[in-house]
Student: 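A single structure is presented below for examination.
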Amino acid sequence: MQILNRDSLHRGGFAGLRETRLVVDDKVGGKNDTWNGIGNFIYLADARFTPKGQTGMHPHKELDVISIMLEGNIEHQGSMENGKSMHTNQAQAQRAGGEGFVHNEINPDNSENRMLQLWVLPEVSGEPASYKFHNLKKDQMIAVYGGSKSQNITLDSHTIIEVGLLSENKNVTHEGEFIAYITGGEGILNGVEVKDGDLVRDEKLDFTSRSKEVHLTLIYVNKIH
């Protein structure tokens, strides 16, 4: 099992955003201090917007952008779902495709917020831009990205991202290679104590929450749809 802690890394950012990048794959210029991803998952950043901070309007193309709101609120501007708001324990997934999109994420509040941002490369180029929105549910692992083309709840991909909002003593298991990120609390993962800001890679997962509320973000590849 490998563990990478957020606080061991440089904290950077741009505009009104301060972030620590834990996954920056070689495909997008990663360096020795960050990890490669898994499947088409290439990027993970743990970010906080400054009070009233924003990213500024910027474009993406041929990239899927997944945002998970951990604390506070975000107002979304852009060419898809302009005016949409995202609150604590909600997530959005945006597919730029060949069409591309522009967006600006804004903190409307006078206090910092916290958001995870993940990037996944699409498996098929040239697809139309699209948007999905998800509410996390207590003690459930909710798929916020990935799945077959036969469903329309999530953006399709063999790379799966699930997020759990877990209460104390809740257990989650997974068979097969994974990357997981723990936020907001602590727990026991494969017999090892893990805490907020720990990124873990291993061949199978057995996680039990040891806090009243823990977010577990789980990324893996489903080779068969």
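When reading the values below, keep in mind they use all heavy atoms of this one structure, side chains included, and skip hydrogens, waters and symmetry mates. Being a predicted model, the structure only gives us computed values, none of them experimental.
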Student: Quick check: closest heavy atoms across Asn152 and Lys132, and the distance to 0.1 Å?
Tutor: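 Looking at all heavy atoms of both residues, the closest pair is O-NZ, 2.5 Å.
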
Student: Let's go through Leu63 and Arg95 carefully: what are the C-alpha distance in whole Å and the side-chain angles of both, what is the deciding distance for side chain to side chain contact (heavy atoms under 4.5 Å, CB included) to 0.1 Å, and is it a yes or a no?
Tutor: CA-CA 6 Å; Leu63 184 69; Arg95 171 160 288 168; over 6 Å; no

Student: For Leu155 and Gln94, which heavy atoms make the closest approach, and how far apart are they?
Tutor: CD1-C, 4.0 Å

Student: Checking Asp64 against Tyr145: is there a side-chain donor and acceptor pair closer than 3.5 Å?
Tutor: yes

Student: Only one of Gln92, Gln77, Glu81, His60 forms a side chain to side chain donor-acceptor pair (under 3.5 Å) with His103, so which one is it?
Tutor: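 That would be His60.
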
Student: Determine whether Phe133 and His76 satisfy the following criterion, ring pair (Phe, Tyr, Trp, His ring centres under 6.0 Å), listing intermediate values before the conclusion.
Tutor: CA-CA 12 Å; Phe133 191 85; His76 168 76; 9.8 Å; no

Student: Please determine whether the number of non-hydrogen atoms from other residues, nucleotides or ligands lying under 6.0 Å from atom NZ of Lys138 exceeds 12.
Tutor: yes

Student: With distance as the sole criterion, is a donor-acceptor pair present between the side chains of Asn113 and Asn73 under 3.5 Å?
Tutor: no

Student: Please determine whether a side-chain nitrogen of the Lys or Arg among Arg6 and Asp198 lies less than 4.0 Å from a carboxylate oxygen of the Asp or Glu.
Tutor: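 Not counted as a salt bridge, because no side-chain N and carboxylate O are separated by less than 4.0 Å.
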
Student: Is it the case that the side chains of Ser67 and Gln117 hold a donor-acceptor pair, with the cut-off being a distance below 3.5 Å and no angle test?
Tutor: yes

Student: Salt bridge check: are Asp33 and Lys31 linked by an N-O gap of less than 4.0 Å?
Tutor: no

Student: Just by distance, with hydrogens left out, do Tyr43 and Arg21 show a side-chain donor and acceptor under 3.5 Å apart?
Tutor: yes

